[in-house]
Amino acid sequence: MKKIVMLLMSLGALLSASADAYYANDRARWLSIAEESTPQLTVTEVAPVGVVEVVDDETAYQHHKIIPAYSIDSLYNAPFSEVKTAIVDFGKHITGTFSFSIRTTDKVADGPVRLKLTFGEVPSEVAEPFDPYPGKLSRAWLQDEIVTVVEIPNTITIDRRLSFRYVKIELMAYSPYYEFNIHDMVCKATTSAASAPEPLPATVDPVIVDIDRVSLNTLSECMQTVYEDGPKRDRRLWIGDLYLEAMANNCTFQSHELTKRCLYLLAGLADDNGFLLATVVERPKPRPQEKQFLYEYSLIFNACLKDYLKATGDTATVLDLWPVAKRQLDIVRDYTGADGLIDFERLDNEWWVFFDWKEDLVKEVAAQGLAVFALNQTLELADMLGKRDEISDIPALAKKMRKAARGAFYDKKKGVFAGRKDPQVSYASQIWMILGGIATPAEGRKALAALETLPDVCTPGTPYLYHYYIQSLIDCGMPERAREALVGYWGGMVKKGADTFWEAYDPANDFISPYDFHPINSYCHAWSATPSYFIRSYPEIFQNTRWCKAAFMGNSITENWLRVHPGFFADNKFAGRGISGQTSTRMLNRFGKDILDLKPEYVIINAGTNDCAENDGFYDEELTVKNIIKMVELARKNGIRPIMSSVLPSSGFSWRPEVKDASERISRLNTILEEYARKNNIPYINYYPLMLAKDGKSLSEDYCNDGVHPVAAGYDVMENLVLSTIKDLEN
Ligand code: RAM
């Protein structure tokens with residue numbers, strides 16, 4: 001934080017060149033290209049889903065838990081002078097303009113109503129008081145507004161665009177001589193991410209699917225007319241955020257015009273010496289934040305440009321901006337001493353060196369690694385443009401810096417990289433030595449593994465650094481750990497209720513805030529949106545794992561099961577693959593796609609009810625048995641352990657009253673299946689006797705409403721059988 005203040009200082013000799021020396025002839029044109037590339041925003045109307053309450057709960061994220069209270073219609077019809085306070089839930093995080101209406105219910109409004117509206121991305125913002133405000137950034141970022149409505153009925157739209165899931169409405173003043181309702185709340189949600197990316201294959205671990213979904217929500221909400229860092233705060237373009245957002249966009253929404261606009265904006269607003277400022281505010285007219293020079297961000301621009309070229313092939317744009325990339329290299333040239341090391345003390349005095357929001361992080365090693373990373377990225381870019389000759393000194397500089405870093409920072413004994421003055425071992429140091437190509441893959445693996453065992457390691461405080469951690473795990477050949485880390489970190493946020501990912505997250509500290517007040521954190525943040533990039537760029541790591549313990553093949557009985565008890569499936573890593581109405585023939589047809597591709601450890605087959613009910617127009621017992629056996633054999637051949645199960649009892653099917661011998665058909669089929677399972681040593685789950693009614697042929701009324709489909713109590717019985725069968729097989 002001290003660095004933000006420090007930015008107001010001059011950058012000394014480096015920046016003392018004469019005004020307008022750089023890109024003077026191009027700036028206006030660049031800014032007009034940026035303007036022309038402004039994307040259209042798509043607007044979607046979102047209505048609230050209910051009224052909730054926030055309760056204190058030590059086990060919940062930031063100690064607040066949301067519980068449903070009553071329906072939105074009840075709120076709209078209630079006299080608001082009695083309601084006084086309500087927290088409305090929009091069901092998901094959204095960014096846009098908020099409106100509500102107010103009407104009288106009986107008499108004429110004889111005086112104004114004053115309301116306080118507080119918008120929250122997470123529960124703490126609608127639960128904790130904002131004042132006295134202890135935070136570092138402007139209190140006005142917090143989304144609370146006082147609205148006085150003089151004319152009633154009326155529809156009020158809050159001027160400021162908001163970013164929220166919850167709205168707290170508090171009644172501050174009103175006239176006792178008439179009654180009124182608050183109603184028709186709506187948010188016109190905006191994004192420039194137009195087309196939805198391909199959904200992930202159905203075989204992907206649901207945990208990964210969830211992380212991807214939240215990641216896409218985060219990214220699309222940050223994608224407005226620039227890549228914003230966060231739609232709640234600071235609502236502006238930062239180079240580091242752009243780099244990660246564009247990376248995720250390249251493999252999801254592919255809104256490349258937005259990236260182009262941002263690159264041109266930054267270039268057109270560089271300082272007179274050609275160095276990029278870290279951040280640009282868009283309105284009323286685009287301008288950079290004065291003196292906001294952030295070391296890594298200026299250099300990362302080059303990586304961004306390279307990625308853009310790779311994703312689009314738009315050589316014209318990249319050639320146009322190539323002089324900017326070239327100029328940023330002077331930062332490395334200028335701060336690298338004869339010994340090949342970045343003069344960290346000088347750098348730290350003259351620039352904001354960021355890397356992560358962590359007060360105690362020692363940044364010397366990371367600064368060197370990042371510099372070499374930027375040189376390598378720029379060389380790659382130069383090669384793509386045929387411009388290597390214009391930066392012909394860079395390969396030798398990179399080599400010298402690599403060698404110097406190994407000499408100065410590598411502790412061979414401990415297998416980690418640490419600074420010269422302060423031997424702190426941090427994630428940031430190891431990560432940037434790996435990404436800069438200074439550590440060999442083997443050294444990288446050792447260093448990253450050591451982070452988990454050494455004491456006093458400086459851990460990441462934000463998803464920004466965590467992104468680079470995952471990348472370094474992948475780059476040095478630790479794919480399993482990369483997956484675990486992604487699931488642990490971003491999955492950790494999902495478990496804590498995130499529907500967009502956060503600016504700051506430390507699994508051990510829910511209240512972490514770079515600004516001394518957690519409600520001012522941004523909870524939908526650009527640099528947190530990269531899981532989708534990893535998941536989609538490395539499908540072999542994130543999409544192809546054998547996550548599934550058992551898959552359930554079946555009909556509506558299985559399909560409903562997942563709906564009635566989703567927790568049973570999620571908690572046990574089970575996958576429900578039931579489709580209503582299906583016979584064994586149809587199940588066999590989709591067995592490859594739905595089961596074999598999923599690669600579960602076990603498959604539990606429940607087929608036969610719809611065969612007996614003649615859903616394909618006939619019943620052929622032999623065919624049903626053959627189909628089921630075929631599924632068993634296919635599973636076995638593919639290394640999946642089959643588990644057979646009995647058809648549930650039923651004395652008739654409401655949709656096929658002409659079948660009079662349902663229970664006889666089912667008993668006979670079950671006898672054959674059980675016999676086959678016994679002979680072939682296949683586990684068999686016998687639901688039948690436990691689910692049978694006293695009449696000896698129907699499904700017990702305790703377990704169903706319609707004679708065929710179990711309700712929750714029936715599934716409880718079945719679940720015990722499933723779990724004990726699997727337990728026996730594992731022992
Ligand atoms: C924060 C912003 C942004 C980041 C800078 C360094 O204030 O939210 O995401 O890039 O810091």
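Counting convention: from 1, in listed order, for ligands and their atoms alike. Heavy-atom basis, side chains included; hydrogens, waters and symmetry copies ignored.
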Do the ring planes of W30 and Y23 sit parallel (below 30°), tilted (30 to 60°) or perpendicular (above 60°)?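 Tilted.
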For atom 3 (C) of ligand 1, tell me which residue out of L237, L294, D241 has the closest non-hydrogen atom.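 When every heavy atom of L237, L294, D241 is considered, D241 comes closest to atom 3 (C) of ligand 1.
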Best match, F354, Y464, W357: closest heavy atom to atom 11 (O) of ligand 1: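 Shortest heavy-atom distance from atom 11 (O) of ligand 1: W357.
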With heavy-atom distances below 4.0 Å as the criterion, list the atoms of ligand 1 near [X].
{"X": "Y297", "value": "4 (C), 6 (C), 10 (O)"}
{"X": "R233", "value": "7 (O), 8 (O)"}
{"X": "H525", "value": "3 (C), 8 (O), 9 (O)"}
{"X": "E503", "value": "1 (C), 8 (O)"}

For the residue pair [X] and [Y], is the inter-centroid distance of their aromatic rings smaller than 6.0 Å?
{"X": "W490", "Y": "Y466", "value": "yes"}
{"X": "F501", "Y": "Y505", "value": "no"}
{"X": "F409", "Y": "F417", "value": "no"}

When you measure from the heavy atoms of Y515 to every atom of ligand 1, does any distance fall below 4.0 Å?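 So Y515 counts as touching ligand 1.
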Which part of W352 is near ligand 1, with near meaning a heavy atom under 4.0 Å away: side chain, backbone, both or neither?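 The answer is the side chain of W352.
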Ligand 1 versus D234, non-hydrogen atoms closer than 4.0 Å: side chain, backbone, both, neither?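 Side chain only.
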[X] atom [atom1], over 12 foreign heavy atoms within 6.0 Å:
{"X": "D360", "atom1": "CG", "value": "yes"}
{"X": "K188", "atom1": "NZ", "value": "no"}
{"X": "D159", "atom1": "CG", "value": "no"}

N/O separation below 3.5 Å, D229 to ligand 1: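 Looking only at distances, the answer is yes, because the N/O contact criterion of under 3.5 Å is met.
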